Amino acid sequence: MKKIKGFLLLSITLLIIPLFSITARAADEELWDSYEIPSSRQKELLLDKADLLTDDEETDLLELLESVSQKRQCNIVVLTVNDHSGPVQDYADDYFDYNGFGADYNDSGILFMLSMYDREWAISTSGEAIYAFTDYGQEELVDSMLPYLSDGDYYRAFETYAKMCDDYLESYENGSAIDVDNAYRSRGSGIKLLLISLLCGFGSALLPIFFMGSQLKTVHSKANASGYQSHQGLNMRSHEDRYVTTRVTHTPIPKDNDSSRSHSSGGSSIHTSSSGHSHGGSHGHF
């Protein structure tokens, strides 16, 4: 009888502990106070719940995020969690909305979220940032971060994110968002490419000149024409070119009829969050 009671007690304990853990984890996952959009921002631009950064890295990164956000009048947000409830895209949208990140700059902002349990990432954009960060632009943004994320260098990944956001917003302010017809080029890379092209051009032009100049060093001027006369005397020959006919061949250029090839039209996809707010965004795994 005691063995039966002990077995039942153990079974109940094993059932209760997971339920308690799930409840505790779910409460920790909801990183907002209520399901109402507040009139002011409730959290810092960086929240590292997964503890991926050192204290010094958090300080430096938060300073960078605040600087870019104020400069571009758009909240640049980073969130890391160990796990989350529901789809990662929905969670990112809700975290942005219910913590009032749209309150500072006329609703403009972008959030990058990492969830470590399933190694998921998500981007949520709002306001003008929806159009500054197009679908194609988000792909380039994440592609630049993925090598650092895969290596566990989270500080460099988030630093890259902040700096690229600065460049994206600058490009958008200048009337040309990063998109399929305007690929991203990091700041200063255009100047570097121009200098490299100029150096290559000068090199290609100067090398043949130096080569020809070196061959002419053996040539010396003569005082008279005797050095140029042939010992066989002067020989005049007549050459005649006669035009006969013309033949033209036409080869048609083959057309590309591959209908299976996909062509992106660019722009930003928009969806609605649980609050009824419009967002752009994307998500995936790393």
Side-chain angles (χ1 to χ4, degrees), residues 30-49 53 58 61-81 84 86-115 120-142 144-145 154 157-174 177-179 184 267-284:
E30 294 183 356
L31 301 177
W32 48 88
D33 295 332
S34 68
Y35 284 88
E36 294 182 1
I37 298 178
S39 58
S40 61
R41 178 158 60 90
Q42 304 297 302
K43 285 184 171 58
E44 296 281 4
L45 298 176
L46 169 64
L47 180 61
D48 183 25
K49 292 287 288 185
L53 305 170
E58 283 192 39
L61 183 59
L62 180 58
E63 183 178 345
L64 177 60
L65 292 172
E66 289 174 344
S67 175
V68 175
S69 297
Q70 185 174 6
K71 177 183 177 182
R72 299 301 175 190
Q73 296 292 285
C74 174
N75 271 332
I76 314 297
V77 188
V78 172
L79 168 67
T80 75
V81 296
H84 63 278
V88 66
Q89 184 68 66
D90 295 348
Y91 192 90
D93 295 338
D94 289 344
Y95 180 83
F96 185 97
D97 290 343
Y98 298 129
N99 281 301
F101 285 104
D104 292 339
Y105 303 112
N106 195 28
D107 207 33
S108 182
I110 177 172
L111 163 74
F112 182 80
M113 170 184 169
L114 280 187
S115 180
E120 291 181 290
W121 61 265
I123 292 177
S124 178
T125 58
S126 174
E128 283 296 304
I130 293 176
Y131 308 102
F133 297 90
T134 63
D135 296 346
Y136 176 84
Q138 291 176 45
E139 290 180 13
E140 288 211 349
L141 177 60
V142 175
S144 298
M145 298 172 65
Y154 299 106
F158 299 147
E159 182 185 45
T160 299
Y161 160 75
K163 291 180 177 179
M164 288 184 67
C165 284
D166 189 11
D167 292 341
Y168 274 45
L169 289 165
E170 180 182 31
S171 183
Y172 179 71
E173 289 171 4
N174 292 333
I178 302 301
D179 209 340
Y184 173 74
S268 302
S269 301
I270 300 176
H271 60 271
T272 304
S273 67
S274 65
S275 69
H277 190 72
S278 294
H279 286 272
S282 55
H283 61 277

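All figures in this text were calculated on a predicted structure; none of them were measured in a lab.
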| said: Quick one, Phe112 and Leu114 - any side-chain contact, counting heavy atoms below 4.5 Å? | reply: yes
Do side-chain atoms of [X] reach the backbone of [Y] as a donor and acceptor pair under 3.5 angstrom?
X      : Y      : answer
His279 : Thr125 : yes
Ser171 : Asp167 : no
Gln70  : Val68  : no
Gln89  : Ile123 : yes
Tyr168 : Gly137 : yes
Asp97  : Ser275 : no
Ser108 : Gly127 : no
Lys43  : Leu31  : yes
Thr134 : Ile178 : yes

| said: Which heavy atom of Glu58 sits nearest to which heavy atom of Asp48, and what is that distance? | reply: OE2-OD2, 3.6 Å
| field | Heavy-atom closest contact (Pro38 atom, Gln42 atom, distance) | value | CB-NE2, 3.6 Å
| note | Sorted by chain and residue number, the ring-ring contact (aromatic ring centres under 6.0 Å, His included) partners of Phe101 (sequence neighbours excluded) come out as Tyr95, Phe96
| query | In a check of side-chain hydrogen bond (donor to acceptor under 3.5 Å, both in side chains) between Asp93 and each of Ser273, Ser124, Ser278, Ser126, which one passes? | reply | Ser124
| field | Test item: side-chain donor near acceptor, Tyr98 and Ser274, under 3.5 Å | value | yes
